[in-house]
Amino acid sequence: ARIMSRRVGSGGHVVLADINDEMLRVGRDRCIDHGQLKGLSWCQCDAEILPYPDQSFDRVTIGFGLRNVTKKDVALHEMYRVLKPGGKALILEFSTPISTPLAQIYNVYSFSVLPAMGQLVAQDKDSYQYLAESIRKHPDQETLAEMMRQAGFETVSYQNLTGGIVAIHTGVKS
């Protein structure tokens, strides 16, 4: 958000939104710690019910959050609704490795190593187990791209990062 705020400059505005008040507080505190509050605001809201009028934003982004949304199709429609014509949605999310050997290694890491590290470091194995499970339940690259098209987005594409473990999906509102 700080980088986006610098990019939009004095004429722009960036809204940080999350359903979780604590996450918003952490984000706000980090902005304060970096001395950057100008051009930023915070909104506690549900991605499935965005409290903004139609065509309010030039860009909508979500990073590692869509997999936690219960009704992803509804959230995608909401993103589309609040975008201005020509606006772009950008979704950064865990995805599906594109090679079988990488997928096998990633599965062992996700379901064995990650929960064990969570227990060792944070005394919280369950949260890290949930992380692995939520990643596996999230739609793969092609499925999410199709869901974006179904929500109305055009020029939908994705770029795999780290062998598909993570992907950036983009879509444009016509």
Side-chain angles (χ1 to χ4, degrees), residues 1-4 14-34 40 42-51 59-80 82 88-151 153 156-171:
R2 294 187 317 268
I3 293 168
M4 289 178 197
V14 175
V15 177
L16 291 82
D18 199 297
I19 197 168
N20 183 305
D21 182 57
E22 182 61 28
M23 293 297 285
L24 284 174
R25 264 193 251 128
V26 169
R28 184 173 183 275
D29 289 350
R30 286 183 182 171
C31 289
I32 290 170
D33 291 347
H34 287 88
L40 296 173
W42 289 260
C43 176
Q44 184 177 0
C45 63
D46 186 331
E48 297 172 16
I49 310 166
L50 297 175
R59 298 286 185 273
V60 174
T61 68
I62 186 169
F64 301 111
L66 187 62
R67 72 184 149 69
N68 295 316
V69 173
T70 304
K71 299 177 184 168
K72 293 168 185 50
D73 57 333
V74 173
L76 291 169
H77 278 92
E78 278 293 277
M79 293 168 129
Y80 185 85
V82 300
K88 186 183 283 189
L90 298 107
I91 301 168
L92 174 67
E93 190 55 84
F94 290 106
S95 203
T96 304
I98 55 177
S99 78
T100 301
L102 180 58
Q104 292 169 338
I105 293 167
Y106 187 53
N107 278 336
V108 169
Y109 172 79
S110 297
F111 288 100
S112 298
V113 177
L114 188 60
M117 287 175 45
Q119 181 61 42
L120 181 67
V121 175
Q123 288 73 51
D124 187 3
K125 180 180 179 180
D126 292 344
S127 292
Y128 290 88
Q129 184 70 34
Y130 165 78
L131 174 63
E133 291 168 2
S134 70
I135 290 169
R136 290 309 174 279
K137 291 178 183 175
H138 188 69
D140 66 18
Q141 293 89 319
E142 286 297 329
T143 303
L144 182 54
E146 183 56 31
M147 290 172 71
M148 291 177 72
R149 288 184 199 98
Q150 291 296 316
F153 290 101
V156 174
S157 64
Y158 60 87
Q159 177 184 357
N160 285 315
L161 306 173
T162 57
I165 291 172
V166 173
I168 300 173
H169 282 72
T170 60

- Query: Where do Y158 and D140 land on the side-chain hydrogen bond (donor to acceptor under 3.5 Å, both in side chains) test, with the steps shown first?
  - Reply: CA-CA 11 Å; Y158 60 87; D140 66 18; over 6 Å; no

- Could you pull out all residues at least two apart from E146 that satisfy salt bridge (Lys or Arg N to Asp or Glu O under 4.0 Å)? R149

- Item | Side chain proximity check, Y106 to T162, heavy atoms < 4.5 angstrom | no

- Message: On a heavy-atom basis, which atom in P115 and which in Q129 lie closest, and how many Å separate them?
- Response: CG-OE1, 3.3 Å

- Just checking, is any N or O donor in the side chain of D124 or Y130 under 3.5 Å from an acceptor N or O on the other one? no

- Message: If you define the side chain from C-beta out and look only at heavy atoms, does anything of I165 sit under 4.5 Å from I135?
- Response: no

- Does atom CD1 of I32 have more than 12 heavy-atom neighbours, drawn from other residues, nucleotides or ligands, at distances under 6.0 Å? yes

- Query: Under 4.5 Å between any side-chain heavy atoms of I91 and L76, yes or no?
  - Reply: yes

- Examine distances only and state if a side-chain atom of H138 and a backbone atom of S134 form a donor-acceptor pair shorter than 3.5 Å. no

- Item | Close side-chain approach of R67 to F94, heavy-atom, < 4.5 Å | yes

- Task: Taking salt bridge (Lys or Arg N to Asp or Glu O under 4.0 Å) as the test, write out the residues that go with R2, two or more places apart.
- Result: none

- Note on the structure: Of all heavy-atom pairs linking H77 and A151, the shortest is NE2-CA, 3.5 Å

- Query: Relative to each other, are the rings of Y80 and F153 parallel, tilted or perpendicular (30° and 60° limits)?
  - Reply: perpendicular

- Kindly check if the number of other-residue, nucleotide or ligand heavy atoms within 6.0 Å of CZ (R30) is above 12? no

- Message: I need the Q159 CD to L90 CG distance, nearest 0.5 Å.
- Response: 11.0 Å

- Answer yes or no: is there a donor N or O on one side and an acceptor on the other, between the side chain of S112 and the main chain of Y109, under 3.5 Å? no

- Message: Checking V60 against E78 for the side chain to side chain contact (heavy atoms under 4.5 Å, CB included) test, could you report, in this order, the C-alpha distance in whole Å, the side-chain angles of both residues, the deciding distance, and whether it holds?
- Response: CA-CA 10 Å; V60 174; E78 278 293 277; over 6 Å; no

- Message: Between R25 and E22, does the salt bridge (charged side-chain N to carboxylate O under 4.0 Å, His left out) criterion hold? Intermediate values first, please.
- Response: CA-CA 5 Å; R25 264 193 251 128; E22 182 61 28; 2.6 Å; yes

- Query: Any side-chain heavy atom of L144 within less than 4.5 Å of one from L66?
  - Reply: yes

- Quick check: does any side chain N or O of E93 sit under 3.5 Å from a backbone N or O of G65, one acting as donor and the other as acceptor? yes

- Query: Okay, side chain of H169, backbone of V156: is any donor-acceptor separation there less than 3.5 Å?
  - Reply: no

- Task: For residues T70 and E48, determine if any side-chain heavy atom of one lies less than 4.5 Å from a side-chain heavy atom of the other.
- Result: yes

- Query: Does any non-hydrogen side-chain atom of T61 lie less than 4.5 Å from one of L92?
  - Reply: no

- Task: Give the C-alpha distance, both sets of side-chain angles, the deciding distance and a yes or no for side chain to side chain contact (heavy atoms under 4.5 Å, CB included) between M79 and M148.
- Result: CA-CA 10 Å; M79 293 168 129; M148 291 177 72; over 6 Å; no

